[in-house]
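Letters A, B, ... are given to chains in the order of the sequence lines, protein chains preceding strands, and every chain is numbered from 1.
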Amino acid sequence: MSSGELSDIPEAAELAAPACSCLDAEAPNGRAVAEVLLDSALPQLDHLFDYAVPEELATDLRVGQRVRVPFRNQQRKAFGYVIGFTASSSFGGELSPIADIVSPVPQLTPEVWHLARAVADRAGGSAGDILRLAIPGRQVRVEKQHLAAVATANTASAADTATPSSGEAAEGHAELPDADSAEIADRLVAGERLALTATHSPERLATGEWVGAWAIRLARVAIAVKQAGRSAIVVLPDYRDQDQLQSALAAFGAESVVRVDARQSNAERYGSFLRALDREPRIIIGNRSAVYAPAYELGAILMWDDGDPVLAEPLAPYVHARDAALVRAEQSGAGLFFAAHARSAEVERLSLIGYVHDQVNPPRRTRVIHADQSIAPDAFAGRVPDFAAKTIREGLRTGPVLVQVATPGYAPVSVCGDCGDLARCTACGGPIGFRTAGTAACRWCGQHAGGWACAGCGGNRLVERGMGSARTVEQFERQFRGFRVLLADGDNPRERVDARPAIVVATRGAEPLAAGGYRAVVLLDAERLLSLENLRAGEDCLRWWENAAALAAPDGVCLMASGGGPVVQAFVTGRLDEWLHSELRDRQALRYPPAVRVASVTGGSAQVDRALAALGSPDTLAGVEVLGPTPVAASDPAARGAKLVRAIVRFEYGRGNDVAKRLRGALVADAAGASSRQKGRAPGRAVPEALRLRFDDRGVFDG
DNA sequence: AGCACGCCGACT
DNA sequence: GTCGGCGTGCTC
């Protein structure tokens, strides 16, 4: 220990020996050179630097440790991670020595390092950016507590002459997984990749809590993986999903469960991180960054609802948790398990090319009925058509009813009074709202909708429809007097409701879980959701609807209250696979993701031209196509006043490594020249933007 | 980022 | 001759 950080705790003597298994990592063993990855956001520093191993650190230094090293001069220090040791350096100059060991714990395992490197390379980014997601900030207190606890546990078990695995005997209390889950776990541990469509409806745990049937399935599979002596990582979009899984795991008596999520304090996160780092199998559950958690003997990565947009990392290099999981499974030989109520287009693609295998047993699915389309959209006075009102009243006799709406708040929108299509502004195509009663105007450009005529059927009657959640609540309170009307949306989060009758109005994705399940689930605003100008609108709708339908009781019903067309048909008939199939074929024909990959290149015109030139000459570009560059609208947040252009590169999956390498090369060259170009600028001019790369951006083809 | 290196124009 | 402008490139 370079700084004697542990000298003030009683176990310091034991810790000098490798008492904690998490300290057990490769030592220099006489080798004089340490390879260090610097903690820097600069792309031109994203490679290993050689440093001398100083005499005084030689016994304590380990691969994976965070260190401080002199950089640029002996005074300035940078942080980094020890990646490996070598006997000699190929660097021409004289090596500086490592200055300090930050923590005795080797925070970066070789597996996570290789993952970060591969994931960053694939996304045209820096490994350091991935490591920032993977490794939480160090908390000295938490670390000392952890090391002390592990040391005492080790000495205790040594006194018991216990075998190392006997600590896991307590796991015998865990409920044995059902045969299906055990079989899935066996296949995962053998390295298989599986996709599962999950059973609808909540189920009651022995603890009395209700969780989605999917959570029970994932918990059982994770426990079975752990019983096979391997770690499982379970990635779930949000804390509500994580809570359900955690409840299920607890109810089944699972031990060694570690949770990592964004709501934790840094101390909690670091504590969880250290537990994940222990050389002992764990069940690690968490949000998108859990995919980077260290895990001893990783057996499988389980991912719930990978189509949820929160699994897309918003920080550079914008790597989706699904992609990171694919890379990690490939590297480590771990199994991969995608479970959802509605499959994503990406998993469907993986299934079609035979990379993941479908679980064939058909899931139980809520009965879905479709409202009668012959009823004119203005044939009802309240928020919902009469038959929907009937469904709601019916359900309220025995329990809660869920009503899913498109948007929060009050926002109203108009539809054609004759055909029911969403009314669109004749000038800009935007939605038409009612500012004040009777005066309709476009919500985007403000144009008055006086002489409006429907583009579809020529009708000219505008009908106000599809109000937001708060407005819907007010209307329901009048329409269903005497019943509780509860609101659940982003501003009013509500994780659970009880089994008593109530109307629960929720925005898509914010639906609470009901004890025993909802008697009825009513889906409003389908035409509005489908009109979102988004390449993934259909896929997203199926996910929102299917996830809502899954909240119904097994004998409950789901009513699609409006809308039509192929996506609604797919949902109503339950033939999501067929729709997704044809959707994927369409995207193949259009060369849209995920049939192909895309990368956007943004920057000054000359910068982007140089980057595109780095892709090679047109004849070497087989399977690679460049769209643009086109000017980035000044209103685009990326522009920030500077005049920028953006090109879109799309390419076959097989060209990914090559494209990423070449674009990344251009980015590094651009960054190297950036400082000099900046000096050349007249004062007052905007700071020149760095060239920006973004791979697999979902929204790249959206308006 | 920040700093050294090096290659042309103006000066003692 | 040499001082110093700033473009260029490197950082173990």
Residues in contact with DNA chain C, drawn from residues 69-91 of chain A - heavy-atom cutoff 4.0 Å
A:Pro70, A:Phe71, A:Arg72, A:Phe91
Would you confirm whether A:Asp305, through its side chain, and A:Asp308, through its main-chain N or O, come within 3.5 Å as a donor-acceptor pair?
no
Tell me the interatomic distance from A:Glu94, atom CD, to C:dT11, atom C1', rounded to whole angstroms.
15 Å
Passes ring pair (Phe, Tyr, Trp, His ring centres under 6.0 Å), A:Tyr592 versus A:Phe701? Steps please.
CA-CA 8 Å; A:Tyr592 278 160; A:Phe701 287 119; 4.7 Å; yes
Within 45 degrees of the ring normal and closer than 6.0 Å to the centroid, is that where the cationic atom of A:Arg76 sits relative to A:Phe71?
no
Does A:Arg193 qualify as a cation-pi partner of A:Tyr355, given the criterion of NZ or CZ under 6.0 Å from the six-membered ring centre and within 45 degrees of its axis?
yes
Among A:Val112, A:Ile130, A:Leu108, which residue meets the side chain to side chain contact (heavy atoms under 4.5 Å, CB included) test with A:Ile135?
A:Leu108
In this structure, CD of A:Glu313 is separated from NE2 of A:His320 (nearest 0.5 Å) by 10.5 Å
Do NZ/NE/NH1/NH2 and the carboxylate oxygens of A:Arg282 and A:Glu297 come within less than 4.0 Å?
no
Using only atom types and a distance under 3.5 Å, with no angle test, would you say the side chain of A:Arg230 pairs donor to acceptor with the backbone of A:Leu298?
yes
Residues within residues 37-52 of chain A bordering DNA chain C, heavy-atom distance below 4.0 Å:
A:Gln44, A:Leu45, A:Phe49, A:Asp50, A:Tyr51
